[in-house]
A.B. asks: 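Sharing a structure with you now.
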Amino acid sequence: MKTIQFDTQHLSRFVDTNELKSLSAEVLEAKRTLLAGNGKGADFLGWVPLPAEIPAEVVDGIKADVERLASKAKVFVVIGIGGSYLGARAVIEALQGELGGLRADSRFPKVVYAGHTLSEDYYHELMGLLDSEDYAVAVISKSGTTTEPAVAFRIVKAHLEQKYGREEAAARIVAITDARKGALHDIAVEEGYRMYVIPDNVGGRFSVLTPVGLLPIAMAGFDIDRLLQGARDMRKVCIDSDSVDENPALLYAALRNILYRKGKKVEMLVNFEPRLKYISEWWKQLYGESEGKEGKGILPHSLCFTTDLHSMGQYVQEGERLMFETVLSVKAPQFGVAIPWDERNLDGINYLQSKSLTEINHNAELGTILAHCDGGVPVLRIELPGIDEYVLGQLIYFFEFACGVSGYVLGVNPFDQPGVEAYKKNMFRLLGKPGYAEK
Ligand code: PA5
């Protein structure tokens with residue numbers, strides 16, 4: 001079994017075993033609270049059993065929709081924002097690569113995104129693409145009322161109806177939303193769209209293993225059974241073991257809280273594989289929205305190395321000592337690329353010629369970890385055996401479980417997000433939305 005490994009070998013000079021021991025009781029209590037469902041935000045714990053309990057008919061329905069739509073769409077537009085967007089993009093980009101060249105099978109449509117921005121130029125560009133390509137759409141919103149995806153859907157729906165006629169347009173739209181309420185729910189019922197439900201008890205940032213993430217991921221040609229299997233296997237690890245040393249999610253939750261209490265207020269999730277960039281974006285939302293409240297919480301930040309070693313590397317090495325680093329390390333690449341021998345060696349890198357790029361990348365990683373530790377930055381490391389659906393399923397569940405435990409150790413409700421309403425109220429007032437203008 002290809003299992004992700006949590007590695008603390010570079011942490012010993014920053015955290016001693018007694019500190020870990022003394023936090024263990026709190027961490028185990030947090031885990032018990034999470035599993036008993038008697039803590040803050042307990043109405044939103046539907047993600048805990050999700051990988052084991054997702055109904056087979058939902059997964060089969062998704063596969064049938066993929067077959068139906070992939071045959072007539074070259075492009076698949078995924079409309080959503082925040083938790084209704086980031087998980088799908090994280091998995092798809094990790095699997096297909098930054099340039100899309102690692103895609104499983106080109107008979108599947110190219111996934112593009114909308115509803116995650118209000119940029120007019122972005123929509124101009126998108127509509128230009130949709131003018132010339134056959135496409136289908138998933139519109140995703142749990143509340144069904146979020147402004148950004150609502151605006152995007154209105155634009156795309158009008159274009160789709162003009163291009164294919166109303167009936168065929170409706171057959172090319174899948175709506176993923178609440179079972180009973182919200183504007184999107186009502187539109188979908190009225191227009192007869194294919195619909196999937198986001199369970200009431202699963203919050204947006206924990207919804208990647210529902211149709212919110214599964215439909216776009218399957219549409220991009222990836223294996224959602226393997227993704228769910230990875231999550232199921234990691235769930236067993238997270239739930240079965242009460243040993244903070246052995247349970248990676250408990251260990252991660254414990255260590256980040258120990259470091260936070262020692263003044264390490266920023267966590268940088270770093271990778272050496274650019275295709276993991278959106279995994280970091282998803283992780284930032286998961287931890288930022290879950291923990292950043294009541295004046296508390298580790299600030300989640302992310303960097304892509306070695307690229308960012310040539311920009312933020314200076315700050316990490318010598319700037320204010322307020323951060324720790326969690327490295328996502330990938331053991332094996334999917335493909336090999338040879339470094340050619342050059343007789344003249346004008347660039348002086350013939351000494352690298354017998355090495356693989358991965359060997360060079362791994363040495364860059366180790367060199368970076370050692371330098372950052374020397375510079376006073378504690379480093380945690382998560383080793384992925386490779387990047388595939390099964391490994392990503394494990395990683396997702398690992399981060400989700402650790403997040404729930406960590407939030408409870410911090411003493412907040414990890415499952416609400418009251419702060420995201422503030423900008424909306426101002427925006428609605430400024431735009432003159434009925435009911436807001438006078439506020
Ligand atoms: O995690 C969350 O709850 C948020 O990021 C939401 O997913 C985001 O605001 C989009 O909300 P909705 O799915 O209701 O459109």
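Ligands are counted one by one from 1 in listed order, and the atoms in each one are counted from 1 as well. Predicted, not measured: the structure shown is a model, and the values here were computed from it.
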A.B. asks: Heavy atom of Glu148 under 4.0 Å from ligand 1?
C.D. replies: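 Checking ligand 1 against Glu148, which is what was asked, there is no heavy-atom contact under 4.0 Å.
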A.B. asks: What protein heavy atom is closest to atom 7 (O) of ligand 1, reported as residue, atom name and distance in Å?
C.D. replies: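 The closest one turns out to be Gly83 N, 2.9 Å.
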A.B. asks: Taking atom 9 (O) of ligand 1 as the reference point, report whether a protein heavy atom occurs under 4.0 Å from it.
C.D. replies: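 Within 4.0 Å of atom 9 (O) of ligand 1, no protein heavy atoms are found.
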A.B. asks: Could you tell me the residue and atom name of the protein heavy atom closest to atom 12 (P) of ligand 1, and the distance to it rounded to 0.1 Å?
C.D. replies: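 Here the nearest protein heavy atom works out to Thr146 OG1, 3.3 Å.
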A.B. asks: Only one of Glu400, Gln285, Glu289 forms a side-chain hydrogen bond (donor to acceptor under 3.5 Å, both in side chains) with Arg205, so which one is it?
C.D. replies: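 Per the side-chain hydrogen bond (donor to acceptor under 3.5 Å, both in side chains) rule, the option paired with Arg205 is Glu289, out of Glu400, Gln285, Glu289.
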A.B. asks: For a salt bridge (charged side-chain N to carboxylate O under 4.0 Å, His left out) with Asp388, tell me which candidate from Arg226, Lys2, Lys331, Arg275 qualifies.
C.D. replies: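 It is Lys2, the one option of Arg226, Lys2, Lys331, Arg275 that forms the salt bridge (charged side-chain N to carboxylate O under 4.0 Å, His left out) with Asp388.
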A.B. asks: Around atom 2 (C) of ligand 1, find the nearest protein heavy atom and jot down its residue, atom name and distance.
C.D. replies: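 Going atom by atom, the protein heavy atom closest to atom 2 (C) of ligand 1 ends up being Glu289 OE1, 3.2 Å.
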A.B. asks: For ligand 1, which atoms sit closer than 4.0 Å to a heavy atom of Ser143?
C.D. replies: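 Checking each atom against Ser143, I get 12 (P), 14 (O), 15 (O).
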A.B. asks: Taking 4.0 angstrom as the limit and counting only heavy atoms of Ile81, give me the atoms of ligand 1 inside it, by number and element.
C.D. replies: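 In order of number, 7 (O), 8 (C), 10 (C).
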A.B. asks: Using a strict 4.0 Å threshold on nitrogen-to-oxygen distance, state whether Lys63 and Asp225 make a salt bridge.
C.D. replies: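 Answer for the salt bridge query: yes.
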A.B. asks: Of all the heavy-atom pairs spanning Gln317 and Arg321, show the shortest one and how long it is.
C.D. replies: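 Where Gln317 meets Arg321 most closely, the heavy atoms are O-NH1, 3.3 Å.
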A.B. asks: Could you walk me through whether Tyr252 and Phe398 satisfy the ring pair (Phe, Tyr, Trp, His ring centres under 6.0 Å) test, starting with their C-alpha distance in whole Å, then the side-chain angles of each, then the deciding distance to 0.1 Å, before giving a yes or no?
C.D. replies: CA-CA 9 Å; Tyr252 179 50; Phe398 160 78; 5.5 Å; yes
A.B. asks: Go through ligand 1 atom by atom and flag the ones less than 4.0 Å from a non-hydrogen atom of Gly204.
C.D. replies: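 With Gly204 as reference, the close atoms of ligand 1 come out as 1 (O), 2 (C), 3 (O), 7 (O).
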A.B. asks: Would you say Gly82 has any N or O atom under 3.5 Å from an N or O of ligand 1, going by distance alone?
C.D. replies: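 N/O-N/O distance under 3.5 Å: no.
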A.B. asks: Gln417 heavy atoms, cut-off 4.0 Å: which ligand 1 atoms fall inside?
C.D. replies: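 Matching atoms, with element in brackets: 3 (O).
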A.B. asks: Using the ring of Tyr436 (Phe, Tyr or Trp, six-membered ring only), decide whether Arg429 places NZ or CZ under 6.0 Å from its centre and within 45 degrees of its axis.
C.D. replies: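 Ring-cation test returns no.
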A.B. asks: Rounded to the nearest 0.5 Å, what separation is found between the OG1 atom of Thr8 and the CG atom of Leu20?
C.D. replies: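 These two atoms lie 8.5 Å from each other.
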A.B. asks: Find the distance between CG (Leu11) and CG (Leu259) and round it off to the nearest 0.5 Å.
C.D. replies: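 Leu11 atom CG to Leu259 atom CG measures 5.5 Å (nearest 0.5 Å).
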A.B. asks: What residue and heavy atom of the protein are closest to atom 5 (O) of ligand 1, and at what distance?
C.D. replies: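 Scanning the protein heavy atoms, the shortest distance from atom 5 (O) of ligand 1 goes to Gln285 NE2, 2.6 Å.
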A.B. asks: Quick check: Lys424 and ligand 1, any N/O pair under 3.5 Å apart?
C.D. replies: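 Among all N and O atoms of Lys424, none is under 3.5 Å from an N or O of ligand 1.
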